[in-house]
Amino acid sequence: MDILVIDDDEVDFLHIKRLLKLAFKKQELNINWVQNPANHDVAHEIATSEICLIDQNIGMYSGIDLINKSQDTSGLIPMILLTGQGNTEIDRQASEVGASDYLVKEDLTPELLNRSIRFSIAQKQHERKLTKLAFTDGLTRVANRAKFDETLELALYARERVNKYLALFIIDLDDFKLINDSMGHPAGDALLIEISKRLQDAVRRTDTVARLGGDEFGIIIDGYKNEEDVFVIRDKILEAFNAPIPFNKETLNAKASIGVVVLAPGQAINGSEEALQAADMALYVAKRSGKNSCEFYGEEKMKILEQQFDIQKALTTAVSDNELELFFQPKVSVADHIICGAEALLRWNRKDGQEIGPSVFIPFAEKSSNIIEIGRWVIEEACRKLKSWIDMGMDVVPIAVNVSAIQIRSDTFVPHIEQTLSKFSIDPSLLELEITETALMENLPTLNARLLAISNLGCKVVIDDFGVGHSSLSRLQDLPVSKIKIDRSFIAKIESSETSLKICNIVILLAKELNLQLVIEGIENWSQIELLSLTDEILLQGFLFSKPLPDIAFQEWLKGGDPKSTSETDLVSQTSRSN
Ligand code: C2E
Ligand code: MG
Ligand code: MG
């Protein structure tokens, strides 16, 4: 038993200690002594003891004050007041501030101590049980409304000092009445009990799950660090409603509408009323949007964050669920617009039909390192396609795949390319790697070494989006680069901006001087071509010749046939002939 004695008189303490040992002969005692409360974290000492014996006169301190102050933090730890002489006034005060008992030091005997301590502990245990009962929902055994309100109030109060997020979920079961009416109240009760269990399993022990009334639950998630963690918690909570609930020989299906409000660190809110109102409003929106859904309160930022999280999550299974596809966009020669190469561009066919382009989803894949898996898939798929075209007897052209800096940093990058080329028996000169100028900015020795290894393999390295990445021209000399692709934004403006036109023509000269092949992408009309000082070594890429095409349509280009046969390339054949 952990006993704390707070007494400034050492002789008294030793006397009490001896009596305690006699009083609890058969029990192992751990007796701690606080002589001067000023030198201790008394609140903590009390809170971590099983019983406290507190002297009334402790130097400048009074036992009654100490007991009084400890009620908030240690109201359920039994505290016995000790004093020099009997005094009815102290007796009254002691019981008022919450002391469990009051003993006169001169009267102390082992028997008296034993009885008083046992009774005090038992009494507090009983109090604990009652408190728990008063704060527990009778049916589901989770916290009840009173406990929820108190916890929320405390959490909001303490927020000023906590540098973390707080999320409040209000969960309302959909069509619960229907279950009660059609299958009876025992079915409804079974459902509430099971859902409570699952909700409690979904969150940490320190979070609060409460039944707020009939079919309504509340969850307080107090203290998480990253803003987007709330979506992970939301998904876990939603999972509680996934599996059907067995009841007798039937199953029950619970669905719920959920409203959430998130408080950022330091975000002020006027008490629990306001927080609950916000969560209720979000719940209302969820109910209106067809039930069985979760809505976040208000702010546009939260919505954007939620969408981003959903994209990131859906991307993690994009490869395994076969949702990715490569499109191919031809690169043609200046002289006769014959196909000389193609760029592989990633497309994501999402299950929910949402269309999101690679410039939106690739950055998410990069953020979660998912890009490594996706990038490997892209390289394999490009090689697989090349192999299938070769097997069909077509004249293939080099295919350029886009790679991100994170991929290149991975140790397996070069070995994987080597293995894939050999797995599909592809000549390395047929695989080119496009890396953006911005990614090349990282002047990492690793990056240089990797690119060198790639070009030693025989694959060409192309700098993509050249001209916007602020890279120094000297870097061009150091890197094993054989092609540059001027950024699309310059081409888009050459008709309206003299400067853009000048830049393009200077890059054409630069490429020539440095002996680098130049690709001009984003060509959309003939007047752009007329404005540029093109030379024969340059390759052109853009909607004018062809949009990125799926495999089958792209094969028309490889077959050298009339690309007009595919609707996507109507424009190409018309414009080529008109030239
Ligand atoms: P990028 O590598 O610069 O690719 C060229 C983008 O310009 C493509 O957009 C293409 O559809 C578009 N484009 C081509 N010609 C024209 C034109 O005449 N006019 C206009 N307005 N646009 C044209 P897309 O397919 O949406 O790809 C966007 C970016 O996403 C790519 O820019 C590339 O940075 C990235 N990306 C695409 N696929 C992959 C991939 O497999 N891996 C990685 N890491 N990034 C990829
Ligand atoms: Mg590219
Ligand atoms: Mg580009």
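Numbering of ligands and ligand atoms starts at 1, following listing order.
With N402, L544, L324 as candidates, the residue nearest to atom 44 (N) of ligand 1 on a non-hydrogen basis is N402.
A heavy-atom separation below 4.0 Å is found between E343 and ligand 1. The shortest separation from a heavy atom of V401 to ligand 1 is not under 4.0 Å, leaving the residue out of contact. Ligand 1 is approached by P548 to a heavy-atom distance shorter than 4.0 Å. In this structure, R347 is part of the shell of residues with a heavy atom less than 4.0 angstrom from ligand 1.
Between E524 and ligand 1, a contact under 3.5 Å exists for at least one N or O pair. At a 3.5 angstrom cut-off on N or O pairs, L345 does not count as close to ligand 1. Remark: ligand 1 and A344 share no N or O pair separated by less than 3.5 Å (distance only, no angle test). Note: an N/O pair closer than 3.5 Å links D464 and ligand 1 by distance alone.
K236 and E239 are not joined by a salt bridge, as no carboxylate oxygen comes within less than 4.0 angstrom of a charged side-chain nitrogen. Here K331 does not pair with E343 in a salt bridge; the nearest charged N to carboxylate O distance is not below 4.0 Å. Look at K351 and D321 and you find a salt bridge, because one of the NZ, NE, NH1 or NH2 atoms lies within 4.0 Å of a carboxylate O, short of that distance. Salt bridge annotation for D391-K387: present, with a cationic side-chain nitrogen under 4.0 angstrom from a carboxylate oxygen.
The N, O or S atom of E434 lying closest to the Mg ion (ligand 2) is OE1. Looking only at N/O/S atoms, D464 comes nearest to the Mg ion (ligand 2) through OD2.
The proximity of L346 to ligand 1, defined as any non-hydrogen pair under 4.0 Å, involves the side chain as well as the backbone. The residue K547 has no part lying near ligand 1, judged by heavy-atom distances below 4.0 Å. Contact annotation: for L326 versus ligand 1, there are no heavy atoms closer than 4.0 Å.
The closest side-chain donor-acceptor pair between R384 and T420, if any, does not fall under 3.5 angstrom. D395 and W389 are not linked by any side-chain donor-acceptor pair at a separation below 3.5 angstrom, with hydrogens and angles left out of the test. Side-chain contact annotation: K367 with Q308, donor-acceptor N/O pair under 3.5 Å absent. For the residue pair N349/E355, the side-chain donor-acceptor check at 3.5 Å is not satisfied.
C383 is not listed as a side-chain neighbour of K423, based on a closest heavy-atom distance of 4.5 Å or more. Residues N292 and S257 are not in side-chain contact: their nearest non-hydrogen atoms beyond the backbone lie 4.5 Å or more apart.
Annotation for ligand 1: atoms under 4.0 Å from non-hydrogen atoms of G542 are 15 (N), 18 (O). Near V378, meaning under 4.0 Å from any of its heavy atoms, are these atoms of ligand 1: 41 (O). Atom numbering of ligand 1 starts at 1 in the shown order; those under 4.0 Å from a heavy atom of D465 are 3 (O). Each of the atoms 14 (C), 15 (N) of ligand 1 lies under 4.0 Å from some heavy atom of Q329. Counting the atoms of ligand 1 from 1 in the order shown, those under 4.0 Å from a heavy atom of I523 are 18 (O).
Draw a line from the Mg ion (ligand 2) to OD1 of N402 and another to OE2 of E343, and the angle between them is 90° (to 10°).
In this pair, W526 and H337 present their aromatic rings tilted. The plane angle is within the 30 to 60° band.
Stacking of K547 on the aromatic ring of F543 is recorded, both the 6.0 Å distance cut-off and the 45° axial limit being met.
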